[in-house]
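Step one of this worksheet: look at the structure below.
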Amino acid sequence: MNKKIGVLLFDKVNLFDVAGPLEVFAVASELGPLQYQIVAIGLEQKAYQSETGVKLVADHCTISDMHLDTLIIPGGAGARDAHTTESHNRWLTEQIDKCRRVMSICTGAYLLASTGVLNHKKATTHWNYIQDFAQRYPQIDVVEDQLFVDHGKIASSAGISSGIDLALALVERDCGSELALRVAKFLVLHYRRTGSQAQFSEPLRYQFSADSHFSGLTPWILQNLTNKLPVSALAEQVCMTERSFYRSFIKQMKIPPGKYVERLRLEHAKQLLVESNCAMQKVAQACGYKNLDVFRRAFERKFAISPNAYRSQFSRLQ
């Protein structure tokens, strides 16, 4: 059985937005029973220059009658350009009616939103353009704490690599979770993320706040999670007195050091739960929790789900 996947090309398209999701569908075709036929589409049948300078060739033009199953709308500077939006609007509107599903990647949401199909619906885009997107399209319920928003026929994804997460979710819907996990493993992805996860991991979110003085602290903490990590040990690591460290840390990171260490422990626990089949006691110990009940309560308090339930829902080893 074949399903035709079309990707829209235009000048200043983001190369990764195109390649990432297409790799997912291509690998799924190799590993699974469903064959995804990939076609590149443009207003003209020609080469389009991506943001990196690499040219991508559209082998079909928009006047062709291709009967697409899925249309991928990538982002890039071109997607945010008013001329691109206007020139593609009519064709995109028609395709939304014809295709089984349409997905935007990153700032491709601008092109999708221009058709009005996202009005009064939740949608997302790259975190750096959330405010601009919301101002330009006030009738859309813009969310910034999700990797992708999938309404079934219409879906939008956040920053760049989130398009891979969305493509995996669509493969899972078409062919089941086993194949989606095999594709993720083949592509050496960290693990299959669901759309409800935030665009930033907890460590990365706080690294934005750290100056050069604290920049090496997070990697050191992650390498020493099995140890006790009191404020005195953290202060010694950055060559500061305990009092000065505590005051400076809160000023920069907006969170007490002890609470930050706990969040890093729990983020690591999430990773172990989905990427290993270690006993729960071993997971707790690897994250610095000597008492399993203390670990469970901390995990539930942070994520509103038990460690066992989290593993059951997201594990790639099921």
Side-chain angles (χ1 to χ4, degrees), residues 3 5-10 12-28 36 38 41 50-51 68-80 84-85 88 92 95-96 99-115 117-119 121-134 136-137 140-174 177 180 183-184 187 189-201 204-205 314:
K3 290 188 180 296
I5 308 289
V7 59
L8 181 64
L9 299 182
F10 44 84
K12 295 185 179 179
V13 67
N14 183 283
L15 187 61
F16 195 86
D17 284 3
V18 175
L22 292 187
E23 281 293 329
V24 171
F25 289 115
V27 172
Y36 294 104
I38 297 170
I41 309 163
S50 69
E51 288 181 311
L68 298 175
D69 174 80
T70 302
L71 174 63
I72 299 174
I73 307 173
R80 304 188 300 275
T84 306
T85 301
H88 288 79
L92 285 173
Q95 289 304 310
I96 290 169
C99 295
R100 179 166 67 100
R101 60 193 178 196
V102 178
M103 57 185 285
S104 66
I105 312 299
C106 195
T107 54
Y110 281 75
L111 283 166
L112 185 58
S114 69
T115 67
V117 72
L118 292 176
N119 288 351
K121 289 185 176 69
K122 289 185 177 181
T124 191
T125 188
H126 191 286
W127 62 268
N128 193 52
Y129 301 98
I130 284 285
Q131 291 186 354
D132 178 71
F133 183 73
R136 193 178 300 193
Y137 301 104
I140 298 174
D141 183 5
V142 183
V143 295
E144 58 181 322
D145 59 349
Q146 292 187 223
L147 294 177
F148 59 83
V149 179
D150 185 5
H151 295 288
K153 183 177 177 61
I154 303 295
S156 57
S157 62
I160 305 178
S161 63
S162 303
I164 292 178
D165 298 298
L166 176 54
L168 278 170
L170 299 186
V171 168
E172 180 176 17
R173 182 184 303 164
D174 290 343
S177 59
V183 172
L187 292 173
L189 300 176
H190 185 52
Y191 61 88
R192 181 166 54 93
R193 303 183 295 175
T194 63
S196 59
Q197 297 183 46
Q199 293 193 41
F200 294 103
S201 66
L204 182 58
R205 183 186 300 276
F314 298 122

Worksheet item: Just how far is it from atom SG of Cys99 to atom CD1 of Ile154, taken to the nearest 0.5 Å?
Response: 9.0 Å

Item to complete: Check whether any side-chain heavy atom of Leu92 lies under 4.5 Å from a side-chain heavy atom of Leu8, and answer yes or no.
Response: yes

Worksheet item: What are the two closest heavy atoms between Ala180 and Glu172, and how far apart are they?
Response: CB-CB, 3.7 Å

Item to complete: Quick one: closest heavy-atom pair of Lys122 and Val149, and the distance?
Response: O-CG1, 3.5 Å

Discussion item. Give me the atom names and distance for the closest heavy-atom approach of Ile105 to Met103.
Written reply: CD1-CE, 3.4 Å

Discussion item. My understanding is that only residues two or more places apart in sequence, or in another chain, count here; which of them pass side chain to side chain donor-acceptor pair (under 3.5 Å) with Ser114?
Written reply: Asn89

Worksheet item: Can you name the salt bridge (Lys or Arg N to Asp or Glu O under 4.0 Å) partners of Asp69, sequence neighbours left out?
Response: Lys3, Arg100

Practice prompt. Under the side-chain contact (heavy atoms from CB on, under 4.5 Å) rule, collect the residues that match up with Ala123, sequence neighbours excluded.
Written response: Leu118, Ile140, Ser156

Worksheet item: Taking all atoms of both residues into account, what is the closest heavy-atom pair of Tyr137 and Tyr110, and its distance?
Response: OH-O, 3.1 Å

Discussion item. Could you work out, with ring pair (Phe, Tyr, Trp, His ring centres under 6.0 Å) as the rule, every residue matching Phe16, not counting sequence neighbours?
Written reply: none

Response to the item:
Heavy-atom nearest pair, Asn14 first then Glu51, reads ND2-OE1, 3.3 Å

Practice prompt. Sorted by first residue and then second, give each salt bridge (charged side-chain N to carboxylate O under 4.0 Å, His left out) pair with at least one member in residues 13-23; sequence neighbours left out.
Written response: none

Which atom pairs, donor and acceptor, lie under 3.5 Å between side-chain atoms of residues 70-78 and protein residues at least two apart or in another chain?
from, atom 1, to, atom 2, distance (Å)
Thr70, OG1, Arg101, NE, 2.8

Worksheet item: Got a sec, which residues hit side-chain contact (heavy atoms from CB on, under 4.5 Å) with Lys153, two or more places apart in sequence or on another chain?
Response: Ile96

Worksheet, complete the sentence: Interatomic distance, CD1@Ile5 vs CZ@Phe25, rounded to 0.5 Å, equals 4.5 Å

Fill in: Gap between atom CG of Asn128 and atom OG1 of Thr107 - 0.5 Å precision
10.0 Å

Practice prompt. Step by step, work out the side-chain contact (heavy atoms from CB on, under 4.5 Å) result for Val171 and Tyr36.
Written response: CA-CA 10 Å; Val171 168; Tyr36 294 104; 4.2 Å; yes

Worksheet item: Would you say the side chain of Leu68 lies within less than 4.5 Å of the side chain of Ile41, judging by non-hydrogen atoms?
Response: yes

Worksheet item: Within the side chain of Ser50, is there an N or O that forms a donor-acceptor pair under 3.5 Å with the backbone of Lys12?
Response: no

Discussion item. Among residues at least two apart in sequence or on other chains, which ones pass salt bridge (Lys or Arg N to Asp or Glu O under 4.0 Å) with Asp141?
Written reply: none

Discussion item. Evaluate Leu187 against Leu168 for side-chain contact (heavy atoms from CB on, under 4.5 Å), listing each step before the verdict.
Written reply: CA-CA 11 Å; Leu187 292 173; Leu168 278 170; 5.7 Å; no

Item to complete: Tell me, please, which residues at least two apart from Phe10 pass ring pair (Phe, Tyr, Trp, His ring centres under 6.0 Å).
Response: none

Response to the item:
Separation between CG (Leu112) and OG (Ser104), nearest 0.5 Å, reads 5.0 Å

Practice prompt. Name all residues meeting the side chain to side chain donor-acceptor pair (under 3.5 Å) criterion together with Gln131; count only those two or more places apart in sequence or in a different chain, and write none if there are none.
Written response: none

Worksheet item: Can you name the closest pair of heavy atoms from Gln95 and Val102 and give their distance?
Response: O-CG2, 4.4 Å

Discussion item. Which residues pass the side chain to side chain donor-acceptor pair (under 3.5 Å) test with Tyr129, not counting sequence neighbours?
Written reply: Arg80

Response to the item:
Taken to the nearest 0.5 Å, the spacing of Leu170 CG from Asp165 CG works out to 11.0 Å

Worksheet item: Which value, rounded to the nearest 0.5 Å, describes the distance between Cys106 atom SG and Trp127 atom CH2?
Response: 11.0 Å

